[in-house]
Student: 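Below: one structure in structure tokens.
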Amino acid sequence: MNANAPTKTTNPWLYWFAVLTAFFTFLLLGLGGLVTSHEAGMSVPDWPNTYGNNMFLFPPAQWIGGIFYEHTHRLLASAVGLMTTILAVWLWLKDSRPWMHWLGVAAFLLVVAQGVLGGLRVTMHMDSLGIYHATIAQLFFVLTCALALFTSRWWKGLERQPPARR
Ligand code: HEM
């Protein structure tokens with residue numbers, strides 16, 4: 001049998017959702033870089049609110065200057081946080097490999113920590129927290145790429161290969 005042939009354990013929807021999560025995370029890293037390079041980190045002085053508004057109801061007419069970069073960064077981060085939560089629950093329920101359950105949980109915890117760190121960098125006015133925020137961002141991106149790889153048909157084909165004879 002072709003080792004790469006799809007089996008019952010291959011879930012293309014889960015795989016493509018993991019790919020989409022990694023792709024959105026990639027965009028988020030770029031947007032975060034724009035926040036830093038435009039020195040827009042403190043353009044929105046409060047968190048989790050945005051100028052006293054629920055961040056999801058902040059009027060688009062006010063997304064101007066540095067606020068645009070910081071606010072869209074927060075919105076995209078919220079989307080990535082939601083996608084990561086869905087991915088972790090999906091893995092827990094549907095992936096047959098226990099270590100994948102815990103990798104999903106690790107991604108969930110990391111995205112929560114990352115969001116809180118971004119918020120604290122604003123509320124505590126601490127530039128140095130931005131360094132940890134940037135580092136965790138890259139670790140998190142690698143983790144989302146790993147989840148996409150490990151849910152792929154290609155990877156599962158490798159897992160099914162018999163050990164090589166010496
Ligand atoms: C999945 C979640 C997030 C990821 C992956 C992420 C990623 C990043 C990245 C890559 C940067 C650029 C860092 C650099 O170039 O040095 C950045 C900057 C920043 N992020 Fe996030 N971020 C996330 C969530 C948040 C949230 C929820 C906030 C809430 C306030 C936030 C606030 C900031 C701020 C203020 C900066 C600018 C830091 C500075 O210039 O000192 N981030 N983010």
Side-chain angles (χ1 to χ4, degrees), residues 11 13-95 97 99-152 155:
N11 184 339
W13 291 105
L14 178 56
Y15 164 67
W16 283 111
F17 188 73
V19 170
L20 200 66
T21 306
F23 177 67
F24 271 59
T25 304
F26 176 73
L27 296 182
L28 180 59
L29 259 63
L31 198 48
L34 285 175
V35 175
T36 300
S37 57
H38 285 83
E39 298 185 356
M42 292 305 292
S43 317
V44 179
D46 51 348
W47 177 81
N49 281 347
T50 300
Y51 286 97
N53 296 271
N54 176 322
M55 66 177 279
F56 300 109
L57 303 177
F58 185 58
Q62 294 176 40
W63 301 9
I64 44 171
I67 298 173
F68 175 81
Y69 298 109
E70 174 61 13
H71 185 61
T72 51
H73 179 61
R74 293 184 187 191
L75 290 180
L76 189 53
S78 305
V80 167
L82 179 64
M83 291 175 84
T84 308
T85 308
I86 293 171
L87 187 58
V89 172
W90 199 343
L91 287 169
W92 191 275
L93 295 177
K94 295 291 177 191
D95 199 295
R97 299 161 295 180
W99 58 273
M100 277 298 276
H101 299 171
W102 293 107
L103 217 53
V105 170
F108 171 75
L109 293 177
L110 208 56
V111 81
V112 170
Q114 174 71 343
V116 171
L117 205 58
L120 291 179
R121 184 259 173 265
V122 171
T123 55
M124 295 173 73
H125 301 257
M126 268 177 82
D127 282 4
S128 57
L129 282 186
I131 299 169
Y132 301 103
H133 189 67
T135 309
I136 294 181
Q138 290 162 78
L139 285 175
F140 176 68
F141 175 55
V142 171
L143 186 51
T144 57
C145 291
L147 288 174
L149 174 67
F150 298 152
T151 49
S152 70
W155 182 270

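Indexing begins at 1, ligand by ligand and atom by atom, following the structure's order.
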Student: Which protein non-hydrogen atom lies closest to atom 2 (C) of ligand 1, naming both residue and atom, and how far is it?
Tutor: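 Protein heavy atom with the smallest distance to atom 2 (C) of ligand 1: Q114 CG, 3.5 Å.
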Student: Tell me whether R121 has any N or O atom under 3.5 angstrom from an N or O of ligand 1.
Tutor: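 For ligand 1, there is an N or O atom that lies under 3.5 Å from one belonging to R121.
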Student: Between ligand 1 and T36, is the shortest N or O to N or O distance under 3.5 Å?
Tutor: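 Yes - when backbone and side-chain N and O of T36 are compared with those of ligand 1, one distance drops under 3.5 Å.
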Student: Within the supplied structure, the quantity of interest is the number of heavy atoms (other residues, nucleotides, ligands) at a distance under 6.0 Å from F150 CZ; does it exceed 12?
Tutor: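 Result for CZ/F150: enclosed.
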Student: For a side chain to side chain contact (heavy atoms under 4.5 Å, CB included) with T72, tell me which candidate from L34, L31, I67 qualifies.
Tutor: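 The residue from L34, L31, I67 that satisfies side chain to side chain contact (heavy atoms under 4.5 Å, CB included) with T72 turns out to be L31.
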Student: For ligand 1, does H73 get within less than 4.0 Å through its side chain, its backbone, both, or neither, judged by non-hydrogen atoms?
Tutor: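 The answer is the side chain.
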Student: I need the minimum non-hydrogen distance between F56 and L75, along with the two atoms involved.
Tutor: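 That closest heavy-atom pairing would be CD2-CD2, 3.8 Å.
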Student: Out of curiosity, is G81 lining ligand 1, as in a heavy atom under 4.0 Å away?
Tutor: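 Checking ligand 1 against G81, which is what was asked, there is no heavy-atom contact under 4.0 Å.
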Student: Test R121 against every option in I131, V116, D127 by the side chain to side chain contact (heavy atoms under 4.5 Å, CB included) rule and name the one that passes.
Tutor: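 It is D127; the other options fail the test.
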Student: I need the atoms of ligand 1 closer than 4.0 Å to a non-hydrogen atom of W47, numbered in the order shown.
Tutor: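 Here the atoms of ligand 1 in question are 29 (C), 30 (C).
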Student: Which of the numbered atoms in ligand 1 are under 4.0 angstrom from any heavy atom belonging to V35?
Tutor: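 With V35 as reference, the close atoms of ligand 1 come out as 36 (C), 37 (C).
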Student: Quick check: does D127 get an N/O under 3.5 Å from an N/O on ligand 1?
Tutor: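 For ligand 1, there is no N or O atom that lies under 3.5 Å from one belonging to D127.
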Student: By number and element, which atoms of ligand 1 are closer than 4.0 Å to a non-hydrogen atom of A137?
Tutor: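 Every atom of ligand 1 under 4.0 Å from some heavy atom of A137: 5 (C), 7 (C), 10 (C).
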Student: If you take all heavy atoms of L147 and M100, which pair is closest and at what distance?
Tutor: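 Minimum heavy-atom contact is CD2-CE, 4.0 Å.
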Student: Which atoms of ligand 1 are found less than 4.0 Å from any heavy atom of V111?
Tutor: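 In order of number, 1 (C).
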Student: Which of the listed options, E70, Q138, H133, holds the heavy atom that is closest to atom 23 (C) of ligand 1?
Tutor: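 Result: the heavy atom closest to atom 23 (C) of ligand 1 is in H133.
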Student: Measure the distance from atom 24 (C) of ligand 1 to every protein heavy atom, then report the residue, atom name and distance (to 0.1 Å) of the closest one.
Tutor: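 For this ligand atom, the closest protein heavy atom is A77 CB, 3.5 Å.
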Student: Tell me the closest heavy-atom pair linking F108 and A88, and the distance in Å.
Tutor: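 Nearest heavy atoms, F108 then A88: CB-CB, 4.2 Å.
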Student: Over all heavy atoms of both residues, which pair between D46 and Y51 is shortest? Give the atoms and the distance, please.
Tutor: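 Reported closest heavy-atom pair: OD1-N, 2.8 Å.
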Student: Between T151 and A18, which heavy-atom pair has the shortest distance, and what is it?
Tutor: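 For T151 versus A18, the nearest heavy atoms are OG1-CB, 3.9 Å.
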Student: Suppose I only count heavy atoms of A134 and a 4.0 Å limit; which atoms of ligand 1 are within that range?
Tutor: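 Atoms satisfying the 4.0 Å criterion: 13 (C), 14 (C), 16 (O).
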Student: For Y69 versus V35, what's the shortest heavy-atom pair and its separation?
Tutor: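 Taking Y69 first and V35 second, the nearest heavy atoms are O-CG2, 3.5 Å.
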